[in-house]
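What follows is a single structure, written as structure tokens, with notes after it.
What's counted below: heavy atoms across the whole structure, side chains too, no hydrogens, waters or symmetry copies.
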Amino acid sequence: MQRDFINFTDFTDFTNFINLKKIKVFSPATVANVACGFDVLGFALNNPGDEISIELNDLGKIVLADETPYGLPLAPEKNVTAVALQSMLDALKSKQGFNITFLSKIMPGSGVGSSAASSAAGVFGANELLGQPFTRKELVQFAMQGEKAASGSAHADNVAPALMGGFTLVRSYTPLDVIPIPSPQIFATVVHPQIEVRTSDSRKILRQEVPIKKAVEQWGNVAGLVAGLFTNDYDLIGRSLHDVIVEPVRAMLIPEFYAIKQAALDAGALGCSISGSGPSIFALSKTEKTAQKVAQAMQDGFNKVGIENHVFVSPINKEGVRIAE
Ligand code: HSE
């Protein structure tokens, strides 16, 4: 029997067909570096996250509004979401305008990919409203421009998992080559001491040269971690969660870092390190029960010395940024 199919090539503007003008987007927090993988490894969390509403407008420009307590910059050239979105619109040679309202936000400077979540939310939401001209993977290059605006460096280790979910590896930046990495069930504990560390500052203190001995240790661990994730080998994952290059330098920005790390390991975590550029500290555990025990131990460590902190436990978020409504 002959069937009549709609020929989608007849629709130059797919948006008109689906009549989607406004959506709410949830974009998850992420843990970058994952100990040994500075600027190349990351994974997404279920919570916390950014929530934005995004809609098409007829003004030919990006209009921003902020309902969060953080006083976000609303000039489009200073706002990471708008910078990322503008780079996507430039690639499309599109003059489409958008209204974006920031509804809730990961605390800036917390080390769990606050600027990445905002950048990913903008490009993902606009891509949905424009009829998905890009894949999630293709959106990474645009979201990276938001990271550049925030920290001076267009790294993708937070934006890639925020957009694609799960663990991701940035195998190369030129050309950009992002690889999704499967993982066994694993739980993250993240503790956020209530101090702010700016990514730009915590990048400036890094040494620009690495002794070959340290480099060998580091790339052995990166390969071991990826192999462990692929083969569900928790012991190998644990053995590989070591950072001998960046953590020793940045640890000085986080009070009690080594005591908290030891407390997490004593409570049964597979490994523990700095989340992104800090000050948050993350640990990975095989079960949720252990991850909760680790959460208590890490929190106790900060409480003991009177440092206010927030702690949360999350499985790996496999989906990444999504339409919330
Ligand atoms: N890879 C980045 C860093 C993540 O460690 O500086 C923070 O945005």
Is it possible for you to say whether [X] and [Y] belong to one hydrophobic cluster, with membership spreading through side-chain heavy-atom contacts below 4.5 Å?
X    : Y    : value
M298 : V305 : yes
I281 : V313 : no
L41  : V246 : no
I52  : V80  : no
V63  : L129 : no

Worksheet item: Would F26 and V321 count as a side-chain contact (heavy atoms from CB on, under 4.5 Å) if you check the C-alpha gap in whole Å, the side-chain angles of each, and the deciding distance to 0.1 Å?
Response: CA-CA 6 Å; F26 175 84; V321 59; over 6 Å; no
Any side-chain to backbone donor/acceptor pair from [X] onto [Y]? Under 3.5 Å, distance only.
X    : Y    : result
K318 : A44  : no
N309 : P193 : no
Y258 : A251 : no
Q296 : K293 : no
R136 : M164 : no
S275 : G111 : yes
T189 : A291 : yes
S114 : I106 : yes
E51  : L103 : no
S27  : A117 : yes

With heavy-atom distances below 4.5 Å as the criterion, would you say the side chains of [X] and [Y] are in contact?
X    : Y    : value
P184 : Y234 : yes
V311 : V190 : no
R250 : F38  : yes
M107 : Y70  : yes
N99  : T101 : no
Q86  : P76  : no
I245 : R207 : no
I205 : L253 : yes

Reported [atom1]-to-[atom2] distance for the pair [X] and [Y], which is rounded to 0.5 angstrom:
X    : Y    : atom1 : atom2 : result
D157 : T30  : CG    : OG1   : 8.0 Å
C272 : L265 : SG    : CG    : 6.0 Å
I212 : E217 : CD1   : CD    : 12.0 Å
S183 : F167 : OG    : CZ    : 5.0 Å
T199 : K204 : OG1   : NZ    : 11.0 Å
N79  : T81  : CG    : OG1   : 4.5 Å

Got more than 12 heavy atoms from elsewhere within 6.0 Å of [atom1], [X]?
X    : atom1 : value
R322 : CZ    : yes
Q185 : CD    : no
E308 : CD    : no

Worksheet item: Where do D39 and R203 land on the salt bridge (charged side-chain N to carboxylate O under 4.0 Å, His left out) test, with the steps shown first?
Response: CA-CA 11 Å; D39 276 0; R203 291 183 78 87; 2.7 Å; yes
Discussion item. Any carboxylate oxygen within less than 4.0 angstrom of a Lys/Arg side-chain nitrogen, looking at K214 and D243?
Written reply: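 A salt bridge is absent here (no side-chain N lies under 4.0 Å from a carboxylate O).
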Fill in: Pair K261 + E247: basic N to acidic O under 4.0 Å
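Salt bridge: yes.
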Over all atoms of both residues, closest heavy-atom pair of [X] and [Y]:
X    : Y    : result
A84  : A143 : CB-CA, 4.0 Å
V159 : M144 : CG2-CG, 3.9 Å
G42  : P161 : C-CG, 3.7 Å
V294 : A283 : CG1-CB, 3.8 Å
L45  : P28  : O-CB, 3.1 Å
G276 : N33  : O-ND2, 3.2 Å

Item to complete: Evaluate the criterion side-chain contact (heavy atoms from CB on, under 4.5 Å) for residue pair I260 and F302; output intermediate values, then yes/no.
Response: CA-CA 7 Å; I260 304 296; F302 275 128; 3.8 Å; yes
Worksheet item: Judged by modelled atom types alone, do S115 and S118 share a side-chain donor-acceptor pair under 3.5 Å?
Response: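 No, no side-chain donor-acceptor pair sits under 3.5 Å.
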Discussion item. With side-chain contact (heavy atoms from CB on, under 4.5 Å) as the test, pick out the partner of I100 among D66, N57, I54.
Written reply: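 Of the listed residues D66, N57, I54, the side-chain contact (heavy atoms from CB on, under 4.5 Å) partner of I100 is I54.
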Item to complete: Applying side-chain contact (heavy atoms from CB on, under 4.5 Å), run through M88 and N127 and close with a yes or a no.
Response: CA-CA 9 Å; M88 177 179 137; N127 194 54; 3.9 Å; yes
Discussion item. Centroid separation under 6.0 Å, is that true for the rings of F134 and F142?
Written reply: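 Ring centres of F134 and F142 closer than 6.0 Å.
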Discussion item. Please determine whether side-chain contact (heavy atoms from CB on, under 4.5 Å) holds for the pair L236 and S240, giving the CA-CA distance in whole Å, both sets of side-chain angles, and the decisive distance to 0.1 Å.
Written reply: CA-CA 6 Å; L236 177 55; S240 307; 3.7 Å; yes
Worksheet item: What class does the angle between the rings of H192 and H310 fall in, given that below 30° is parallel, 30 to 60° is tilted and above 60° is perpendicular?
Response: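 Because their plane-to-plane angle is over 60°, the rings of H192 and H310 count as perpendicular.
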